[in-house]
Amino acid sequence: QVQVVESGGGLVQAGGSLRLSCAASGSIFSINVMYWYRQAPGKQRELVARITSGDSTFYSDSVKGRFTISKDNAKNTAYLQMNSLKPEDTAVYYCNTQGISTDRARSHFDYWGQGTQVTVSS
């Protein structure tokens, strides 16, 4: 079993910054990729950023140049540094973690966290 916990959300004024954390723990042999998604009220969940085990990153056009994804392999933790926040960044931010578990079969795992609320006021 793998647990994924996000933290760092909150209320911030437009133009401000927040750093989100996504900590994975449990039966982890290796992590292949960690994603940040977000879901605003009444909208579909959308991909924000991704980082692979090889440190390859991806950003959606809406956050490119403002958000930075990084990770600490020793802590199985990914971060999302969010700068120049806009009211349209308001959403619940979710982390998705995929990798290989420590079970005998070295099964693939794919887990979501519970989300953390980010609210940007104008």
Side-chain angles (χ1 to χ4, degrees):
Q1 191 78 349
V2 174
Q3 296 76 43
V4 178
V5 179
E6 303 100 333
S7 61
L11 173 64
V12 64
Q13 288 189 330
S17 299
L18 282 174
R19 189 175 87 148
L20 305 183
S21 297
C22 169
S25 62
S27 304
I28 298 171
F29 178 76
S30 64
I31 292 178
N32 295 336
V33 60
M34 299 181 84
Y35 296 92
W36 283 102
Y37 286 78
R38 68 185 181 187
Q39 187 166 19
K43 294 188 176 181
Q44 289 190 331
R45 191 171 296 189
E46 63 170 348
L47 175 62
V48 174
R50 174 218 73 203
I51 187 164
T52 69
S53 57
D55 291 330
S56 172
T57 59
F58 166 85
Y59 300 94
S60 68
D61 288 343
S62 60
V63 307
K64 199 173 295 182
R66 300 187 297 122
F67 291 11
T68 302
I69 190 170
S70 62
K71 62 182 173 67
D72 183 331
N73 293 326
K75 296 181 179 180
N76 287 332
T77 298
Y79 304 96
L80 187 68
Q81 177 66 45
M82 307 186 295
N83 299 328
S84 302
L85 283 161
K86 304 175 181 180
E88 50 264 44
D89 295 317
T90 295
V92 178
Y93 283 70
Y94 297 92
C95 178
N96 174 259
T97 302
Q98 299 179 26
I100 305 299
S101 73
T102 56
D103 64 18
R104 185 178 298 180
R106 289 289 190 261
S107 304
H108 177 264
F109 66 80
D110 182 341
Y111 286 95
W112 290 86
Q114 80 291 347
T116 185
Q117 176 70 47
V118 171
T119 303
V120 184
S121 63
S122 57

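Looking at Phe29 and Ser101, their side chains never come closer than 4.5 Å, going by heavy atoms from C-beta outward. Side-chain contact between Gln3 and Tyr111: absent, with no pair of heavy atoms (C-beta onward) separated by less than 4.5 Å.
A cation-pi arrangement is absent between Arg45 and Tyr37, since the terminal nitrogen or guanidinium carbon is not both under 6.0 Å from the aromatic centre and inside a 45° cone about the axis.
Ion pairing between Asp89 and Lys86 fails under the 4.0 Å rule for side-chain N and carboxylate O.
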- request: Using the side chain to side chain donor-acceptor pair (under 3.5 Å) rule, take Arg38 and Thr90 through it: C-alpha gap first, then chi angles, then the decisive distance, then the call.
  value: CA-CA 9 Å; Arg38 68 185 181 187; Thr90 295; over 6 Å; no
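Here the straight-line distance linking atom CH2 of Trp36 with atom CD1 of Ile51 works out to 12.0 Å at 0.5 Å rounding.
Without hydrogens or angle criteria, Gln98 side chain to Asp110 main chain gives no donor-acceptor distance under 3.5 Å. At least one donor-acceptor pair closer than 3.5 Å links the side chain of Glu6 to the backbone N or O of Gln114.
Between Ser84 and Arg66 the shortest heavy-atom distance is O-NH1, 2.9 Å. Across all their heavy atoms, Cys95 and Thr97 have their closest contact at SG-OG1, 3.7 Å.
Judged purely by distance below 3.5 Å, without hydrogens or angles, the side chains of Ser17 and Asn83 pair a donor atom with an acceptor atom.
By the 30° and 60° cut-offs, the orientation of the rings of Tyr93 relative to Phe67 is tilted.
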